[in-house]
Protein chains: 2
Amino acid sequence: MPDTVPSPGGVPALDRIVGAAERLFAGRGFDGVAISDVARQAGVCKANVFHHFATKQALYDAVLTRSCEALGEEIERHLSAEADPALQVPHFLVWYHDYLCAHPATARLVFREVTGNPDLAESGPVLPVLSRLFDNVVAHVRAARDAGVFRADADPTVVASLMLGVTLFNSQTARLRPHMPSWRGISDETYVDRLTDVLMRGVRAVDANAVSGIRNDTT
Amino acid sequence: MPDTVPSPGGVPALDRIVGAAERLFAGRGFDGVAISDVARQAGVCKANVFHHFATKQALYDAVLTRSCEALGEEIERHLSAEADPALQVPHFLVWYHDYLCAHPATARLVFREVTGNPDLAESGPVLPVLSRLFDNVVAHVRAARDAGVFRADADPTVVASLMLGVTLFNSQTARLRPHMPSWRGISDETYVDRLTDVLMRGVRAVDANAVSGIRNDTT
DNA sequence: GCACTGACCGATCAATCGGTCAGCGCATTC
DNA sequence: GAATGCGCTGACCGATTGATCGGTCAGTGC
């Protein structure tokens, strides 16, 4: 299925437009994508895109909001499902990393919004969604700290920002690693394990055993 | 000095072009900047930009390479100047954060390159510069680890990537924090101190006293 | 005085941009 | 079977894009 050939097979045009826009915006950003590109990849006419979305910005906002809400819901579901507060963070980091790898377009879009142009974030409809997502993670970390898992002086906001930020940043710099000799021999799984190890050593209340290799237990 | 008025006062046109391009590319990215914008801000004709740089990409590469090399040299100078290996990392984190705040255009350009489009990084002249920068930091961390400051199983590559990545990511998300209620009461300095604390607790060899507040000593 | 160079400019190019518009085909409804 | 509404299209618009053009001008070496 070459990408230049329209593929209207059964899928509604609206969904094809949103799908194509998600892929293209993720890859090249708002300014780097032309509506004609979206239309071509979706197999529809350019005017049809403007039939479903009033402006290019509206299409971008719709795609972005959808990705952010999907990520927020998945995070909430996963954090709520983990019963043991001591395993919540390390298990989350592994799952979060896998999720970002499995949904590269979502990861890229959210990343671009979080670190992108000022005018996009402050007025658009996406900031409340991201804020709720972050506050949610902060609440879970605070609960784990109050349960005695983390040091009392470990700030839940800082810990949450590290959890979300480092893994997200890592997913967006992964393509650079094969080009740098220092990274030779460090796989993605190894990196996540060692990151989890450093973070947990840095925030946990007592010096228990190491947390390396959590990828292979209780899953 | 309004930005619409050309200001050729004494500064050569080439420098004004590069300066304007650095500011604009940092703020809006490659696709978001028009050569006419650069020319207007530099107070020169658009054709003059193409007289000094063959293509828009060549101008972008020149600006980017200059920023990356400047950052690399400053990092090397600062790391080499710190004699005590135990204080090298915490002092570096504070200095690095301050540097990124003081040079927002450099921070944004480097950040965009590190996390940006795949095709820009792999073929351009910037990757070797960044690779050398990173390997340099890795070497310093490895030396500190071999001196007994860090745990023997702390991977210098992972530690270096955390040092450089978290602070850089933090500088690019700082504009979002005032809009999120969880961040209320956490200043930039507080954040850097707590980040340093978590990182140092996570990697250091022995459990000594906390490393908070390093901003106010030996400077 | 002459030849030459490089910095610089106004005008202009074809291509592409986001967006508009009249109208087509088709299913539903009265 | 006429009318309505909707999804959709090709043709088109003015504006802007990166890039090129012929040409001006100050300076330099001889």
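Proteins come first, then strands; the chains are lettered A, B, ... in the order of their sequence lines, and each starts at number 1.
A/Val33 comes within 4.0 angstrom of sugar-phosphate atoms only, judged by non-hydrogen atoms across all strands, and of no base. Among the protein residues, B/Ala34 comes within range of the sugar-phosphate backbone only, with heavy atoms under 4.0 Å from sugar or phosphate atoms but none that close to a base.
In this structure, B/Arg40 atom CZ and C/dC9 atom C1' are separated by 16 Å, rounded to whole Å. We find that CZ of B/Phe50 is positioned 18 Å from P of C/dA11, with the value rounded to whole Å. We find that NE2 of A/His52 is positioned 16 Å from P of C/dG19, with the value rounded to whole Å. Between the P atom of C/dT20 and the NZ atom of A/Lys56 lies a distance of 15 Å, rounded to the nearest Å. In this structure, the CD1 atom of A/Ile35 is 7 Å from the P atom of C/dG19, given to the nearest Å. When rounded to the nearest whole Å, the span between CD1 of B/Ile17 and P of C/dC8 equals 7 Å. Remark: C1' of C/dC17 and CZ of A/Arg28 are 14 Å apart, rounded to the nearest angstrom.
Under the 6.0 Å cut-off for aromatic ring centres, A/Phe169 and A/Tyr191 do not qualify, their centroids lying 6.0 Å or more apart.
With hydrogens and angles left out, the side-chain atoms of A/Glu76 and A/Ser80 include a donor and acceptor closer than 3.5 Å.
Comparing A/Ser36 and A/Ala47 by the nucleotide of DNA chain C that holds the closest heavy atom to each, the one mapping nearer the 5' end is A/Ser36. When each of A/Asp37 and B/Cys45 is assigned the nucleotide of DNA chain C with its nearest heavy atom, B/Cys45 is the one assigned upstream, toward the 5' end.
Under the 4.0 Å criterion applied to side-chain N and carboxylate O atoms, A/Arg28 and B/Asp31 are not assigned as salt-bridge partners. Between A/Asp37 and A/Arg40 there is a salt bridge, since a side-chain N of the basic residue sits under 4.0 Å from a carboxylate O of the acidic one.
Note on A/His51: a side-chain N or O is less than 4.0 Å away from OP1 or OP2 of D/dG7.
Using the six-membered ring where Trp is involved, B/Phe92 and B/Tyr96 have ring planes that are parallel, under 30° apart on the 30 and 60° scheme.
Not a single donor-acceptor pair, N or O on each side, falls under 3.5 Å between the base of D/dG10 and the side chain of A/Lys46.
Side-chain atoms of B/Asn48 lie closest to C/dC8 of the nucleotides C/dG10, C/dC8, C/dG18.
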